[in-house]
Amino acid sequence: FAFCTIGAGEGGPPQGEQQLVVFSDYNNGDHPWASIESNVYQQQFVGAEDVGKTMRFEFDAKLGDIAGESTAAAFIKAFDPYWNLIHFLQVDTTAIPDTWGTYMIEVEITPDLVGGALQFGFLNWAHDYEPSGVVYDNINFDVAPVAVSVDVKPGSCPNPVNVNGAGDVSVAILGTADLDVGMIDPASIRLAGVAPLRSNYEDVGTPFDPYLGRQDCDYDCHELEGDGWMDLTFKFDTQELAAARGDVQDRDCLVLGLTGEIWPAYGGGGIEGEDVVVIIDRAASTRTATGRVLQSSDPGDIANQPLKPHR
């Protein structure tokens, strides 16, 4: 057998019944005395209309039977029109956990790649028939969403959310010189998978870095308000967000991810952003977890906690 096969029973509900298992070319007669590279990939050509786009290769993966000196990786290879290799971007999957995780690689399309090709897929190196299998699923290659600045409870830092409270939570996508929020379809917006109750256009906040990768509920936020650029604002039902977040503890710092779509008239494509909130949960809820807990602060009422300096 060689290169790959379709496996079954390796995944949970997000992966479904079948998975892709990638391994070495064991039909290669040089295996006993050579290190064999095997590649499983798809290819697409680059046009002028692709310049400026960022392509994202995203997939789920977990460790298979790889052992010994075998190595494995996911990759994007970018070639110019003369098949010169311009980019060779990799995620090493040799020693990933034996539980499912999501990984990604991105490449920006530059003018020198027009007329060339992109290859994306999986490779491994193996010698003397050593095991080399890694399991993959939910494989996607597409234009990466546009990163946007998201502000939960604009003007507040930290951002407390009382999961036992009624009412709604204010959230804004912050406009910039490069982002006209009028290009975004408000009905497409989801915060932690929850649809908004309503939307509006008003100047309520100022963008701040990082747009993605926020972790600290004291430092990855600020209290700045309007900056002269129109923002797209939303109200989300507190209890719907609480149900989506699931099993959280009082004072947890939680990342809430936002996704949405740009209107087709403006070229279409997705957007993504995130912000951090401090959970206020006096009932110590035991709902099923769907959020990503990053840290837990000291107990006590948030109003009585000293604020750290903010950007």
Side-chain angles (χ1 to χ4, degrees), residues 145 147-175 181 184 186 189-200 202 204-226 231-260 271-311:
V148 298
S149 183
V150 175
D151 197 355
V152 175
K153 307 190 78 169
S156 173
C157 183
N159 304 320
V161 173
N162 184 355
V163 295
N164 297 316
D168 49 46
V169 176
S170 299
V171 178
I173 299 173
L174 304 177
V181 295
I184 298 170
I189 297 300
R190 297 293 184 270
L191 181 68
V194 175
L197 298 171
R198 55 190 179 275
S199 63
N200 198 7
E202 50 188 326
V204 297
T206 298
F208 56 97
D209 293 324
Y211 287 7
L212 299 171
R214 297 178 185 175
Q215 300 185 65
D216 192 299
C217 275
D218 291 317
Y219 292 101
D220 286 335
C221 60
H222 65 49
E223 298 173 342
L224 298 179
E225 298 182 346
D231 304 321
L232 179 53
T233 63
F234 302 92
K235 300 291 186 181
F236 289 86
D237 182 84
T238 301
Q239 289 307 307
E240 285 192 65
L241 288 175
R245 280 193 297 266
D247 185 14
V248 292
Q249 302 298 319
D250 188 45
R251 307 298 302 171
D252 280 344
C253 179
L254 192 71
V255 176
L256 298 183
L258 180 144
T259 60
I271 63 168
E272 63 181 356
E274 63 187 28
D275 203 4
V276 286
V277 299
V278 178
I279 299 302
I280 307 300
D281 187 359
R282 302 299 184 220
S285 169
T286 57
R287 294 175 292 268
T288 301
T290 59
R292 177 161 57 100
V293 176
L294 296 174
Q295 67 186 44
S296 181
S297 303
D298 293 332
D301 187 76
I302 189 169
N304 297 323
Q305 298 297 315
L307 295 181
K308 298 181 180 179
H310 311 301
R311 292 194 303 268

Working to the nearest 0.5 Å, report the span between CG of Leu191 and CG of Asp237.
12.0 Å

side-chain hydrogen bond (donor to acceptor under 3.5 Å, both in side chains) against Asp275, all qualifying residues, sequence neighbours excluded
Asn159, Arg214

Between the CG atom in Asp250 and the CD1 atom in Ile279, the distance rounded to the nearest 0.5 Å is 9.0 Å

Any idea which heavy atoms bring Cys221 and Cys217 closest together, and the distance?
SG-O, 3.5 Å

Is the side chain of Glu272 donor-acceptor paired with the backbone N or O of Leu258 at a distance under 3.5 Å, no angle test?
no

Minimum heavy-atom distance Phe236-Ile189, with the two atoms named:
CZ-CG2, 4.1 Å

Qualifying residues under side-chain hydrogen bond (donor to acceptor under 3.5 Å, both in side chains), relative to Thr206, sequence neighbours excluded
none

Taken to the nearest 0.5 Å, the spacing of Cys157 SG from Glu223 CD works out to 6.0 Å

How long is the span from the NE2 atom in His222 to the OG atom in Ser156, to the nearest 0.5 Å?
11.5 Å

Only one of Glu240, Arg190, Lys235 forms a side chain to side chain contact (heavy atoms under 4.5 Å, CB included) with Pro196, so which one is it?
Arg190

Picking from Ile173, Asn200, Val169, what satisfies side chain to side chain contact (heavy atoms under 4.5 Å, CB included) with Phe234?
Ile173

Val161 and Arg245, any side-chain heavy atoms less than 4.5 Å apart
yes

Which heavy atom of Ala147 sits nearest to which heavy atom of Tyr211, and what is that distance?
O-CD2, 3.6 Å

What's the separation between atom CG in Asp151 and atom CZ in Phe208, rounded to the nearest 0.5 Å?
5.0 Å

So, taking the atom named CD in Glu202 and the one named CG in Leu232, what distance separates them when rounded to the nearest 0.5 Å?
9.5 Å

Can you give me the closest heavy-atom contact between Pro158 and Val278, atom names plus distance?
CB-CG2, 3.8 Å

Only residue of Leu256, Asp220, Leu254, Val152 satisfying side chain to side chain contact (heavy atoms under 4.5 Å, CB included) with Val276 is Asp220

Sorted by first residue and then second, give each salt bridge (charged side-chain N to carboxylate O under 4.0 Å, His left out) pair with at least one member in residues 153-170; sequence neighbours left out.
Asp168-Arg198

Does any N or O in the side chain of Glu274 come within less than 3.5 Å of the main-chain N or O of Gly213, such that one atom is a donor and the other an acceptor?
yes

Can you see which heavy atom on Gly175 is nearest to which on Asp231, and at what distance?
N-OD1, 2.8 Å

